[in-house]
Amino acid sequence: MPTPVISPREADVLALLGEHLSNAEIAARLFISVRTVESHTSSLLRKLALPDRRALSRRAVELARAERPRPAPALPAPLTAFVGRERERAALAALLADHRQVTAVGPGGVGKTRLALAVAAGAADGFADGVWFVDLAPVTGPDRVAAAVAAVLGVGEQPGQGLDEAVCAALAERRALLVLDNCEQVRDGVAPFLERLLAACPQVRVLATSRARLLVPFERVFPVPPLSRDGGGTSEAVALFLERATAAAGAAPDPALRDGIAAVCERLDGMALAIELAAARWPTLGLDGLRAGLSDQLRILAGGPRADERHRSVRAVLDWSHDLLEPADRALLRRVSAFVLPFTAGAAVAVAGFAPLDPGAVADGLGRLAEQSLLTVVPSAHGTRYRAQETIRQYGAELLDGAEESARTRGRHLDWCLSGAEGLARAADEERQLREGDWQAGFDALAEELRTALAWAAERPDRRPDARRLALGLAGLAFDRHLLGEAQQRLEQAAALATALADGSPTDAVDATDAADALREAARVAGCRRLGDDMYRLHRAAAAAALDAGDPAGAARDLATAATVAHRFSSTFARLPAAAEVTALLARARELSDGSATASAALALAEAAVLADAYGSVQGSPDNTARETVGYAERAVDLARRAGDPVAESAALDALSGAHSWAGEPFAAAAAARRRVELLALAPRTPATAHEQVDALAMAAATAIGVGELDRARQWGRRLAGHPLTAEVGHHATSWLLVADAFAGQEEDVLAGGARFLEAWEQGGRPRSFSLGPAAAAVAMVHGLRGDDGARASWLAVAGRAGTEEEHRHGYGAVFDATVLLDRGEAGAALERISPAPEEVWKWVSWVWLHWYAAVRVEASVLSGHPEARERLAEARAAIAGNPVAAAQLDRAQALLDGDPARVRASAAAFASAGSRYQSARSLRLADAAGGG
């Protein structure tokens, strides 16, 4: 059968159909009329022999996927040619083809990285999802391995899981090659990371380079030998020397000198780095100078056979290169080893510019070190930077540690980092106010330096105050950069440093107070990460620190907050604390409270959460008295407002919103939720306010859905989806927007949003949440209304894993399933699905679903001819009064019951006015079916 010819304009239309755009949207995008779009669509259906528009959209997606370009290898582009190594390349490539994890092992300077890059580039065509290069040299600790890999992959943090799980989720279905370079310094972190990665990602392979084996059972080791000297003047070692010497001198060495060069390479043991450094000296020293310069050093290192002989050869070349430097340049080389990332001349002046070096000598010396290949010039958008190869940097660091100036140099590096962190914090504040700029790039260029300086200072008692200060600064910057895991880690580190300072210090109470403050802030960041266990642990730790500081009132607040967290955020816990434990915390908080406004507000909120279950927690009792719960929550709101704490008032309003829901007062619940958003609008951005803002937007959207305010719910939902804190968690970000769009009949928006939701949910480890189940069920409903039972079944399976069985069976699932059944004319089945009276399942339909449940149940009763239909309709009217969508649905049911198709048709306008496009269209269909045309 000949391939149909599709015109360029038809191809454009087909591509936009794959994005599920409407005809009007396609017309606007292509600047053509709707009639022209319809004509092209009809032509495409005919040419592709497809039955309907949905099939056409699916074909567009398939074509786009088939034409998607293969990812280019994400490998550094070497600035110099790769020389020789044919045998090693073939052997290493073969080993990588047969095994999932291969480690290229050898001493520093042997050429492991260049060999790995060459092999990875050659193997790239075999990895459909790309080749990724991760340099672990700047990584300061084993716990940062996953973060380095995630940064290269572009993977962000997910709530409730570490970065290693996020990386595994991102690569789970990928056929990719991961190149991990310089593993030796973080071997203890690489080995467990790889074990988790390879178990979770069956199509991923890893090529690592390291000075030592990783010592894991699945590892295949490839020892990287020195460059071959076989063949004398025609050997691989000589070829490398000639290539690099030619580049340095601008002309090739005399061929007659090849044998002499071969002798130099032999004395260098064929080490690639040593050969390159020697070749860089060729223009000024020549062959005789090289021989003279190397002889003494090699004689010192030429003892009997040693296991690390080749490493000693690299050290010999570095020692020789170092000894050829002027004393000032030697000092500069060891001092700039404090930098772990490329640095500017100004940074070098700040760190290394002390006697015998002045600022002018530093700038001049950097140029000389670069000329001698001991530093590499790195051009960037922000000016020239310098970096030392990792082997050379480590060599300089050893010299620095052996010099009397080590503490001073690293101390100046710490001071430079403190100043840089403060400057970044100011830039972040200014850019938030101006809504412009890119301070994040500055943070990314400095972050690893901050971490290195912090690690050094934390181990020195005399610099612990600075370490604490830097830990707090790094925590704030990491939070603004949305590195929430590191923000929490640094705050806990700052607390530990403050505790260490408090031991035996005359200002120990002040330091203990600092520890409590840092722990509280860490708990708030944990809240942003949806880690209930950590919130609970950290608030309890803050209480202990407050007691150490002589602040029982502060301890009372923290204990009360921990008790509140256990109920308010119970769905985010991996292991909920026992009820008796939480009750004991509340009792202890009462004992410690001094009756102050802030302590009283915290206690009142904890009582509302623990004693009255205002939040409807996982462990809450279904037998609590609703009106009593409202009273508890109203008291908490009043006390928080008196205390002047917007965060506490927002939390109390959240309790009040929940309490009104349990009391069957969804309008009051929605009002309380709106007050939270308004209250927090002008609050400064902190972890506490950010956490409350995200939660407040979610609750505002949910409660607006509950009272039929669909346009407002969609506004809140869009704000939540666009909040910076939800950028990496698209499932949580879009959940309520999907529900609102589904009820509004915005099919295209639901389908597009559902794709983002599903991808983020899977990458996040497929978590459960009170909002995720309804979102998935809402997408399933839309597919059901479109007649796509396959897609509906898939989304119902997601709903089953994303939510709880009880909520789906008795609450939102009943509403969505019955809506689909009614649309298909199966009123009896719909009524069976939603048969219990609302008061029988109040725990599951209160809050968002009460009005929807009641209205759908009445319509099912009417259409199925239930004998109590009129009675149920009358009862429901009182319950849903004020909800425009539910009221229109009851009016339509009344008209159907009365046999009045004209009134059924008239209800379409009421639905349209309430923002429910689907129900408006359904009214017209029902009217036609009833003879109201």
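Rounding to the nearest 0.5 Å places CD of Glu628 at 11.5 Å from CG of Asp613. Here the straight-line distance linking atom OG1 of Thr629 with atom OH of Tyr615 works out to 12.0 Å at 0.5 Å rounding. Note that the CZ atom of Arg870 and the CG atom of Leu897 stand 3.5 Å from one another [nearest 0.5 Å]. Here the CD-NE2 distance, from Glu747 to His783, works out to 9.5 Å after rounding to the nearest 0.5 Å. In this structure, CZ on Arg718 lies 12.5 Å from CG on Leu697, to the nearest 0.5 angstrom. Atom CG of Leu45 sits about 7.5 Å away from atom CG of Asp52, to the nearest 0.5 Å.
Side-chain contact between Arg674 and Glu709 is present, with at least one heavy-atom pair separated by less than 4.5 Å. By the 4.5 Å heavy-atom criterion applied to side chains, Ser907 and Gln889 are not counted as neighbours. Residues Pro774 and Val848 have side chains not in contact (no heavy-atom distance under 4.5 Å, counting atoms from C-beta outward). Counting heavy atoms from C-beta outward, His40 and Ile26 have side chains that stay 4.5 Å or more apart. Under the 4.5 Å side-chain criterion, counting only non-hydrogen atoms from C-beta, Val637 is in contact with Arg675. Asp891 places a side-chain heavy atom less than 4.5 Å from the side chain of Arg877. Thr703 places none of its side-chain heavy atoms less than 4.5 Å from the side chain of Pro666.
Side-chain rings of Tyr812 and Phe770 stay apart, their centers remaining 6.0 Å or farther from each other. For His691 and Phe569, the ring centers sit closer than 6.0 Å to each other.
Side chains of Ser769 and Ser571: no donor on one and acceptor on the other come within 3.5 Å. Side-chain contact check for Gln894 and Asp898: at least one donor-acceptor pair (N or O, by modelled atom type) lies under 3.5 Å. Side-chain contact of Thr36 with Ser39: a donor-acceptor pair under 3.5 Å is absent, judged by distance alone. Counting only N and O atoms by type, the side chains of Glu692 and Thr689 include no donor and acceptor under 3.5 Å apart.
Listed for the Ser57 side chain is a donor-acceptor partner under 3.5 Å among the backbone atoms of Leu17. No donor-acceptor distance shorter than 3.5 angstrom exists from the side chain of Ser920 to the backbone of Ser916, with no hydrogens or angles considered. Although no hydrogens or angles enter the test, the distance criterion places no donor-acceptor pair under 3.5 Å between the side chain of Arg712 and the main chain of Ala700. A donor-acceptor pair under 3.5 Å links the side-chain atoms of Ser794 to the main chain of Gly790, judged by distance alone. A donor-acceptor distance shorter than 3.5 angstrom exists from the side chain of Ser864 to the backbone of Ala860, with no hydrogens or angles considered. Between the side chain of Trp716 and the main chain of Ala704, no donor-acceptor pair closer than 3.5 Å is present. Between the side chain of Ser861 and the main chain of Ala869, no donor-acceptor pair closer than 3.5 Å is present. With hydrogens and angles disregarded, no donor-acceptor distance shorter than 3.5 Å links the side chain of Ser650 to the backbone of Pro646. For Ser913 (side chain) and Ala909 (main-chain N/O), no donor-acceptor pair under 3.5 Å exists by modelled atom type.
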Salt bridge (charged side-chain N to carboxylate O under 4.0 Å, His left out) between Asp789 and Arg824: does it pass, once the steps are laid out?
CA-CA 12 Å; Asp789 287 341; Arg824 297 180 177 185; 2.4 Å; yes
After noting the C-alpha distance and the side-chain angles of His723 and Thr726, does the key distance pass the side chain to side chain contact (heavy atoms under 4.5 Å, CB included) rule?
CA-CA 5 Å; His723 195 284; Thr726 65; 3.9 Å; yes
For a side chain to side chain contact (heavy atoms under 4.5 Å, CB included) check, start with the C-alpha distance between Arg809 and Val841, then their side-chain angles and the critical distance, and finish with the verdict.
CA-CA 10 Å; Arg809 184 168 67 250; Val841 289; over 6 Å; no
Evaluation steps, side chain to side chain contact (heavy atoms under 4.5 Å, CB included), between Ser570 and His567
CA-CA 5 Å; Ser570 57; His567 280 254; 5.7 Å; no
Chi angles and distances behind the salt bridge (charged side-chain N to carboxylate O under 4.0 Å, His left out) call for Arg792, Asp817:
CA-CA 10 Å; Arg792 180 175 181 240; Asp817 291 346; 3.2 Å; yes
Take Arg892 and Gln919 through the side chain to side chain contact (heavy atoms under 4.5 Å, CB included) test and state the conclusion after the steps.
CA-CA 10 Å; Arg892 184 174 67 194; Gln919 291 290 0; 2.7 Å; yes
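In Glu806, the CD atom is crowded: over 12 heavy atoms of neighbouring residues, nucleotides or ligands sit closer than 6.0 Å. Shown here is Glu832, whose CD atom has no more than 12 heavy atoms of other residues, nucleotides or ligands within 6.0 Å.
Residues Asn23 and Thr41 come closest through the heavy atom pair OD1-OG1, 4.4 Å. Minimum heavy-atom separation, Arg922 to Leu863: NH2-CD1, 3.6 Å. In this structure, Asp788 and Ala791 approach most closely via the heavy-atom pair OD1-N, 3.1 Å. For the residue pair Ala818 and Ala830, the shortest heavy atom distance occurs at O-CB, 3.7 Å. Among all heavy-atom pairs drawn from Ala721 and Leu737, the shortest one is CB-CD2, 4.4 Å. The minimum heavy-atom distance between Leu738 and Ala775, with the atom names listed, is CD1-CB, 4.2 Å.
Between Phe757 and Trp795, the two ring planes are tilted [angle within 30° to 60°].
In summary, Arg766 and Glu762 engage in a salt bridge, as defined by a charged side-chain N under 4.0 Å from a carboxylate O. One finds a salt bridge joining Arg568 and Asp695 here, because a Lys/Arg side-chain nitrogen approaches an Asp/Glu carboxylate oxygen to under 4.0 Å. Between Asp741 and Arg714 there is a salt bridge, with a side-chain nitrogen of the basic residue lying less than 4.0 Å from a carboxylate oxygen of the acidic one. By the 4.0 Å N-to-carboxylate-O rule, Glu10 lies close enough to Lys47 to be salt-bridged with it. Under 4.0 Å is where a charged nitrogen must lie from a carboxylate oxygen, and between Asp900 and Arg905 no such pair does. Ion pairing between a basic and an acidic side chain is recognised when a charged N comes within 4.0 Å of a carboxylate O; Arg872 and Glu859 show no such pairing. Checked for salt-bridge contact, Arg917 and Glu748 meet the test: a charged N lies under 4.0 Å from a carboxylate O. Under a 4.0 Å N-O distance rule, the pair Asp654/Arg676 qualifies as a salt bridge.
The one candidate from Leu725, Val694, Leu772 that meets the side-chain contact (heavy atoms from CB on, under 4.5 Å) condition with His732 is Leu772. If you run ring pair (Phe, Tyr, Trp, His ring centres under 6.0 Å) between Phe816 and each of Tyr853, Trp852, Phe743, only Phe743 comes through.
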